[in-house]
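In what follows, a structure is listed as structure tokens, so that the remarks can point back to it.
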Amino acid sequence: MGKLGKSLISILLLLLVFISFFVLIENQDAVQLPIRFISMYDYPWIGMYMQQTLFWLSILLSVLAILLLIITIFYPKKKNNLILEQEPE
């Protein structure tokens with residue numbers, strides 16, 4: 001895998017971690033954990049923009065996941081054939 005592929009996968013994974021972190025913060029009341037994060041709306045400068053950001057990032061990642069699924073399903077199978085020519089005797 002080349003540098004471009006690794007870079008794209010790294011960016012996608014960072015976006016996924018970003019979304020997952022804020023989903024964890026929003027739903028932390030569902031379980032009892034020894035640590036508590038502050039509410040998503042109490043973070044300075046990002047609380048008011050976080051809902052829109054998470055919405056558009058989740059749409060982006062959903063579209064990319066569907067595209068990767070389609071590419072994976074319809075990607076042609078690689079065939080490696082080695083043809084050896086025999087010299088006439």
Side-chain angles (χ1 to χ4, degrees):
M1 182 178 295
K3 289 182 182 179
L4 180 64
K6 288 182 181 181
S7 299
L8 289 175
I9 290 172
S10 298
I11 290 170
L12 288 175
L13 288 174
L14 285 174
L15 288 175
L16 185 63
V17 167
F18 179 76
I19 290 173
S20 298
F21 177 71
F22 282 100
V23 168
L24 177 131
I25 289 174
E26 189 64 25
N27 296 309
Q28 67 183 338
D29 294 330
V31 296
Q32 297 295 327
L33 295 176
I35 59 170
R36 299 292 294 172
F37 296 105
I38 62 173
S39 174
M40 182 169 57
Y41 305 104
D42 293 335
Y43 283 98
W45 297 101
I46 60 172
M48 56 187 157
Y49 302 111
M50 194 49 59
Q51 286 181 335
Q52 292 177 357
T53 304
L54 290 175
F55 175 77
W56 289 111
L57 283 176
S58 64
I59 286 179
L60 174 74
L61 287 177
S62 298
V63 168
L64 287 175
I66 291 170
L67 286 175
L68 286 174
L69 180 64
I70 291 170
I71 290 171
T72 302
I73 291 172
F74 295 111
Y75 194 75
K77 184 177 178 182
K78 285 187 178 181
K79 290 185 178 181
N80 294 329
N81 294 332
L82 181 62
I83 301 173
L84 297 175
E85 294 183 17
Q86 295 179 351
E87 294 183 19
E89 293 180 20

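Index from 1, following the sequence.
Leu12 is not connected to Leu4 by any chain of hydrophobic side-chain contacts under 4.5 Å among Ile, Leu, Val, Met, Phe, Trp and Tyr, and they are in different clusters. By the rule that hydrophobic residues join a cluster once side-chain heavy atoms approach within less than 4.5 Å of another member, Trp56 and Leu61 end up as members of separate clusters. One hydrophobic cluster, built from ILVMFWY side chains closer than 4.5 Å, holds both Phe74 and Ile66.
Every residue meeting the side chain to side chain donor-acceptor pair (under 3.5 Å) condition with Asp29, not counting sequence neighbours, appears here in chain and number order: Arg36. Scanning for side-chain contact (heavy atoms from CB on, under 4.5 Å) contacts around Phe21 gives Ile25, Phe37, Tyr43, with sequence neighbours left out.
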Go through Val17 and Leu13 one step at a time and tell me if the side chain to side chain contact (heavy atoms under 4.5 Å, CB included) criterion holds. CA-CA 6 Å; Val17 167; Leu13 288 174; 5.5 Å; no

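Atom CG of Leu16 and atom CD1 of Ile11 lie 14.0 Å apart (nearest 0.5 Å). With rounding to the nearest 0.5 angstrom, the CG atom of Leu57 is 10.5 Å from the OG atom of Ser62.
Scanning both residues, Leu15 and Leu60, for their nearest heavy atoms gives CD1-CD2, 4.2 Å.
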